[in-house]
Amino acid sequence: MIELVHLNKSYDSKPVLRDVNMTIERGKITVIIGRSGCGKSVLLKLILGLIKPDKGQVFVEGQEITTMGQEEIYKIRRKFGMLFQNAALFDSMTVEENMALPLIEHSDLPYDVIKKRVQEKLSMVGMPEVKDLKPAELSGGMRKRVGLARALMMEPEIVLYDEPTTGLDPIMADVINNIVIGFNENLGITSIVVTHDMGSVYKIADRVAMIQRGIVLFDGTPDALKKTKDPVVRQFIEGKAEGPIKINREIIYTRKEQEEKLL
Amino acid sequence: MRMIYFVLHIIGKKALKFISESGGAFILVGKSLRSLSHLYKDRRLVIEQMLEIGVRSLPLVVTVGIFTGAVSAWQAAYQFQGILPLSYVGPATSKVIFIELGPVLTALVLAGRVGASIAAELGSMKVTEQIDALETLAIDPIRFLAMPRIVAATTMMPILVIFADFIALFGAFLVINMLLHVSAETFFNGVKSYFQVYDVISGLLKALVFGATTSIAGCYIGFQTSGGAEGVGRSTIKAFVVSSALILMNDYILAMFLF
Ligand SMILES: Nc1ncnc2c1ncn2[C@@H]1O[C@H](COP(=O)(O)OP(=O)(O)O)[C@@H](O)[C@H]1O
Ligand SMILES: [Mg+2]
């Protein structure tokens with residue numbers, strides 16, 4: 001459904017993605033993992049055509065979006081919903097206005113029909129009573145759920161989730177995981193989830209890809225991930241400070257060093 | 001030799017940056033002009049911005065107007081001492097208000113009120129990914145955010161300037177009448193006999209250009225913001241400085257054409 005071919009993207013001559021190749025299958029939940037700053041959000045923005053790659057191509061249902069003009073790309077984007085890392089709700093609007101906006105812009109539906117749809121989507125994420133609140137009045141978990149509900153308003157085929165559980169308490173994280181699974185199972189939504197929350201990976205993933213140093217280092221099922229022998233992948237999924245991935249020693253002290261400092 | 005090369009390198013880099021930034025701003029203007037075709041459909045957005053930029057700026061404009069008028073009358077009287085009779089203070093002050101002080105001071109004050117606040121608002125939308133969210137919802141941020149602000153600022157600025165002009169005239173009248181003891185009749189007859197419609201129109205034309213410049217700079221700088229809350233702060237200051245400088249530069253250029 002989505003194909004990434006030799007994607008390459010640098011910022012200020014610092015390579016972020018060097019050569020990313022991947023196929024995202026219809027109807028599946030594909031989870032992309034990797035350390036903070038490895039380019040996961042950049043990858044999602046490339047898929048949406050929000051930024052252009054330096055080299056390589058992105059195909060959505062066989063159509064290359066990297067060379068498209070604005071009009072065409074806006075048409076393709078209507079297939080997509082996106083949950084941003086901090087939800088990216090419009091501060092100046094209420095929850096209802098946030099959610100109604102895409103329909104007001106892209107459809108001729110009368111406002112009471114739109115209102116009904118807002119209510120329906122809010123119920124799907126378990127928040128039927130927040131429509132008149134402003135984003136500033138919501139907690140982190142509530143914002144993400146409103147962000148999810150907004151992403152659903154145009155009834156997308158594909159939803160991208162940027163770190164949906166980061167910064168949430170474990171219970172709320174699980175609520176979000178269940179919503180992601182629900183969207184996939186009940187609505188048949190193709191999902192791409194970016195995360196470094198391993199609990200979430202094992203719970204929701206049909207397939208996992210790990211990005212490290214700008215390339216796809218691992219690509220397979222969660223079971224294969226658990227069994228992999230690659231030391232770099234193992235260090236990440238087990239969450240170890242020591243290993244082949246070196247962390248700046250000035251910031252990360254070993255326990256012994258910390259004890260010495262305290263004395 | 002190395003030194004010269006170094007200096008040239010810096011100048012060259014700055015020049016390139018200036019050219020690319022002006023280029024970027026022109027692209028923004030071009031795209032905004034194209035989205036004018038949505039003006040009717042998006043009238044609600046435009047009206048909202050007109051209220052925000054126009055009506056909410058009124059208290060500031062009144063304050064600026066009254067003091068501008070008062071101080072220019074007082075200083076004109078000082079300069080006229082022993083050279084011209086005080087009955088000339090009214091006409092002289094009104095002229096300088098209509099052609100220069102009304103538009104320029106109003107625009108300069110609104111460079112902060114409008115230009116900087118546009119940059120701050122769009123900048124914080126940029127760094128919190130709200131602009132990306134609009135793009136993702138297939139809503140063009142230039143049409144949805146920039147066009148209404150530019151249209152509103154460009155149309156409201158002349159209206160605010162007319163308002164400021166009359167408030168300033170009133171401020172001048174207060175000083176001339178109450179402190180310099182020139183009668184109301186002398187003042188208004190003087191103003192009337194030297195009044196030229198061309199002065200007011202050229203002032204309004206200036207205001208139109210200033211309104212466009214300020215809002216375009218605010219939008220462009222806002223959209224360019226990066227680097228979190230700190231970046232928003234930088235953009236806000238930059239928009240204020242750039243708008244003010246552009247207003248003064250444009251004022252000079254327009255003066256060459258108009259007078
Ligand atoms: N607009 C940008 N300008 C400069 N650097 C950027 C920009 N966007 C991302 N980067 C850089 O790209 C790298 C990857 O960023 P990102 O995709 O946000 O990481 P993450 O995997 O945590 O989502 C980071 O080092 C970041 O500094
Ligand atoms: Mg990220």
Side-chain angles (χ1 to χ4, degrees), chain A residues 11-12 41-42 44-51 65 68-93 97-108 111 135-136 143 146-148 150-154 156 158-163, chain B residues 13 17 20 27-28 30-35 37-38 40-49 51-53 56 117-118 120-149 152 222-229 231-232:
Chain A
Y11 278 108
D12 312 320
S41 300
V42 168
L44 292 184
K45 286 179 185 170
L46 284 166
I47 293 174
L48 285 166
L50 294 172
I51 50 178
I65 63 154
M68 273 183 187
Q70 181 166 302
E71 294 292 317
E72 283 173 287
I73 214 158
Y74 277 2
K75 231 173 260 159
I76 297 275
R77 279 202 199 129
R78 297 198 199 176
K79 293 183 200 292
F80 285 94
M82 164 105 182
L83 173 63
F84 286 88
Q85 201 161 332
N86 292 306
L89 301 179
F90 305 118
D91 293 326
S92 58
M93 304 180 191
E97 288 164 345
N98 259 281
M99 293 175 63
L101 183 66
L103 282 177
I104 291 174
E105 289 286 322
H106 300 306
S107 76
D108 298 321
Y111 200 68
R143 288 169 143 257
V146 172
L148 278 171
R150 183 178 71 184
L152 283 192
M153 286 300 284
M154 296 297 289
I158 311 155
V159 176
L160 313 184
Y161 305 82
D162 196 350
E163 304 199 14
Chain B
K13 239 173 127 172
K17 189 156 177 251
S20 89
I27 292 172
L28 173 74
K31 286 187 177 167
S32 307
L33 284 176
R34 217 166 357 149
S35 54
S37 57
H38 291 263
Y40 181 73
K41 197 174 151 263
D42 288 338
R43 60 191 180 283
R44 213 177 48 89
L45 295 172
V46 177
I47 291 169
E48 215 170 83
Q49 287 305 317
L51 290 178
E52 172 63 35
I53 291 171
R56 306 237 163 84
S117 81
I118 290 177
E121 190 188 2
L122 301 191
S124 73
M125 289 184 76
K126 177 77 193 301
V127 300
T128 56
E129 296 183 308
Q130 290 176 56
I131 306 272
D132 284 333
L134 277 178
E135 281 275 359
T136 307
L137 298 171
I139 297 169
D140 180 4
I142 292 184
R143 193 211 87 222
F144 190 75
L145 298 171
M147 186 274 279
R149 283 167 176 74
F223 282 142
Q224 293 287 311
T225 307
S226 65
V232 176

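Basis for what follows: all heavy atoms, side chains included, without hydrogens, waters or symmetry-related copies. Throughout, a chain's letter reflects where its sequence line sits, starting with A, and its residues are numbered from 1.
The side-chain heavy atoms of Glu129(B) and Met82(A), taken from C-beta on, include no pair separated by under 4.5 Å. Looking only at side-chain heavy atoms (C-beta outward), Phe90(A) and Met125(B) come within less than 4.5 Å of each other. In this structure, Leu137(B) and Met153(A) have side chains that are not in contact, with every pair of non-hydrogen atoms separated by 4.5 Å or more.
The CD atom of Glu105(A) sits 6.0 Å away from atom CG of Asp42(B), with the distance rounded to the nearest 0.5 Å. Note: Thr136(B) OG1 to Leu160(A) CG = 8.0 Å, rounded to the nearest 0.5 Å. Distance check, rounded to the nearest 0.5 Å: CG of Asp132(B) to CG of Asp162(A) gives 10.5 Å. Once rounded to the nearest 0.5 Å, the distance linking CD1 of Ile139(B) with CZ of Arg77(A) reads 11.0 Å.
Here the closest non-hydrogen pair linking Ala88(A) and Ala133(B) is O-CB, 3.8 Å.
Heavy atoms closer than 4.5 Å to chain A are found nowhere in Ile131(B), neither backbone nor side chain.
Residue Lys13(B) qualifies as open at atom NZ: its count of foreign heavy atoms under 6.0 Å is 12 or below.
A salt bridge is absent between Lys45(A) and Glu135(B): the closest approach of a Lys/Arg side-chain nitrogen to an acidic carboxylate oxygen does not fall below 4.0 angstrom.
Between chain B and the options Arg78(A), Gln85(A), Gln70(A), the largest number of non-hydrogen pairs under 4.5 Å is found for Gln70(A).
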